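Data first, discussion second: the structure below is written as structure tokens.
Just so we're on the same page: letters track the sequence lines, and every chain starts at 1. All values derive from a computational prediction rather than experimental measurement.
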Amino acid sequence: MLSHAILKQLGLFSRPDLLTADQCRDWRQRAVKAEGRPGRVYRHGKAYQDDDARRTQEVGLTPEDKERLDAQIAAMRPALDCHFNMALGPLCECRCMLYDSGDFFVPHYDVAKDDGEPISNVHKRVVTLLIFLNAPDDPEVPYQGGDLNFFGLLDIPDSDQHGFSLEAKQGMVVAFKSDVLHSVTPIISGNRYVIVGWFHDQSKHRETTHGG
Amino acid sequence: MADDQNTDKPVRAESAYHHPLPDGSGLLFDQTSQTAYPITESARLIWELCDGEHDFDQIVSAVEVKYDVNRETAENDAELLLADLREKGLLADRDTAWFFARRIEFWIVGSRSRRMSKKRRR
């Protein structure tokens with residue numbers, strides 16, 4: 001596990017305490033109450049369920065929730081723009097992810113390469129933003145497993161084979177370029193809650209045909 | 001400091017890779033153990049000089065000059081780091097380094113003598 005200072009130098013952005021314990025609890029309660037659907041993967045122009053690649057439930061945010069989230073991340077937006085050296089637009093496709101025992105997400109990219117298919121949201125993503133609503137050492141809702149691993153960060157042979165995990169903290173935000181290979185290891189016990197959203201490349205104006 | 005260490009020319013292990021970081025420090029990654037070790041800027045200098053060409057004294061001199069520290073401090077730092085790198089398997093062991101050095105020497109000497117005998121034949 002590498003320190004946050006080093007991960008920052010490898011291109012990751014993190015803030016340890018964006019949300020308070022109360023705010024995290026509130027988001028978790030909202031997510032549990034809402035009706036979720038299985039997370040999907042995007043391949044060859046289509047988004048579909050693939051339990052061998054990804055197992056998680058995702059809950060969309062209501063417009064009010066989205067507004068609240070935007071307010072909560074507003075203060076750190078200049079730092080985000082500065083870190084990624086671009087003026088990031090609105091945070092899009094926001095959702096809450098619930099990982100139950102056994103759930104996981106194999107190594108993947110969040111952005112689809114231009115594959116000749118009509119441009120979708122998945123093609124537009126440039127930066128992924130993730131907020132941990134609980135952590136393995138959480139006093140209320142701890143979990144085991146569910147490590148967020150990043151691959152290909154080092155300029156070494158077979159770099160995509162070597163993953164570095166991030167130490168999750170409740171309320172912590174992490175942002176990274178959407179073309180960074182990453183994974184979530186299987187949950188051994190407990191439940192893992194995160195909010196995820198993406199900043200889109202504003203220059204991609206072609207019509208959106210697919211969700212994420 | 002033992003004499004053999006003064007004349008020893010440390011060599012990086014084949015499984016070890018260096019990734020420089022923007023602040024001048026770096027990460028050493030060992031493919032065998034799949035472990036990354038953060039190193040400071042001065043450790044990075046020492047690591048870069050572990051090329052089988054520089055002996056301990058030359059490495060210490062480089063640290064002394066670059067960081068404007070006294071000889072004793074530079075020696076202690078280099079000694080500690082090299083011992084740590086050896087312990088982590090990031091340096092080729094001395095026998096392996098010697099073996100490769102001899103192989104290179106053999107190859108160079110061999111190719112020179114082959115060229116000489118070709119000339120003589122002409």
Side-chain angles (χ1 to χ4, degrees), chain A residues 1-16 78-86 104 106-108 126-127 145-169 172 174-177 179-186 188, chain B residues 10-54 63 66-67 77-78 80-93 96-97 99-100 103-104:
Chain A
M1 200 169 281
L2 295 175
S3 73
H4 283 256
I6 288 174
L7 288 170
K8 185 182 174 187
Q9 292 200 63
L10 294 173
L12 272 66
F13 173 95
S14 71
R15 277 282 163 88
L80 271 171
D81 287 357
C82 181
H83 181 90
F84 291 104
N85 199 24
M86 63 177 98
F104 63 93
V106 296
H108 64 282
V126 280
V127 170
D147 289 336
L148 176 62
N149 284 332
F150 294 95
F151 301 83
L153 296 178
L154 303 188
D155 185 18
I156 59 171
D158 302 322
S159 187
D160 281 355
Q161 307 292 316
H162 311 304
F164 296 101
S165 60
L166 178 107
E167 190 184 3
K169 294 277 170 207
M172 183 179 86
V174 58
F176 52 93
K177 289 199 170 167
D179 59 1
V180 170
L181 189 64
H182 59 284
S183 72
V184 178
T185 62
I188 298 164
Chain B
V11 184
R12 301 182 283 264
E14 281 188 52
S15 63
Y17 293 92
H18 172 237
H19 180 95
L21 292 173
D23 69 355
S25 65
L27 281 176
L28 296 183
F29 184 74
D30 180 21
Q31 275 195 321
T32 310
S33 63
Q34 298 279 300
T35 310
Y37 303 99
I39 54 168
T40 62
E41 189 184 327
S42 55
R44 188 175 148 184
L45 170 68
I46 295 172
W47 172 256
E48 280 163 2
L49 294 173
C50 292
D51 54 3
E53 299 286 320
H54 296 83
V63 173
K66 177 141 190 197
Y67 295 102
D77 287 356
L80 282 172
L81 179 74
L82 291 173
D84 192 34
L85 293 174
R86 277 211 175 84
E87 195 186 313
K88 290 183 164 85
L90 296 168
L91 291 182
D93 63 60
T96 313
F99 173 75
F100 281 110
R103 265 183 65 179
I104 291 165

* Counting N and O atoms only, with roles assigned by atom type, does the side chain of B:Gln31 sit under 3.5 Å from a partner on the main chain of A:Pro157, one being a donor and the other an acceptor? ->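 Pair found, side chain donor or acceptor close to backbone of A:Pro157.
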Is a side-chain donor-acceptor pair under 3.5 Å present for A:Glu167 with A:His4?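 Note: A:His4 and A:Glu167 side chains miss the donor-acceptor criterion.
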For this session: Select, from A:Leu154, A:Asp155, A:Ile156, the one with the greatest count of heavy-atom pairs under 4.5 Å involving chain B.
Result: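 Going by pairs under 4.5 Å, I would pick A:Leu154.
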Region of B:Leu21 that comes under 4.5 Å of a non-hydrogen atom in chain A: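 Contact with chain A is through both the backbone and side chain of B:Leu21.
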Quick check on B:Thr35 against chain A: is it the side chain, the backbone, both or neither that has a heavy atom closer than 4.5 Å?
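Neither part, no heavy atoms under 4.5 Å.
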**Q.** Part of A:Leu2 lying under 4.5 Å from any heavy atom of chain B
**A.**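 Only the side chain of A:Leu2 comes within 4.5 Å of chain B.
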Check your understanding: Would A:Val106 and A:Ser183 satisfy side-chain contact (heavy atoms from CB on, under 4.5 Å), going step by step from the backbone distance to the final call?
Key -> CA-CA 5 Å; A:Val106 296; A:Ser183 72; 5.8 Å; no
- Query: If you measure from CG on A:Leu153 to CG on A:Leu12, what distance do you get to the nearest 0.5 Å?
  - Reply: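 The CG atom of A:Leu12 is 6.0 Å from CG of A:Leu153, to the nearest 0.5 Å.
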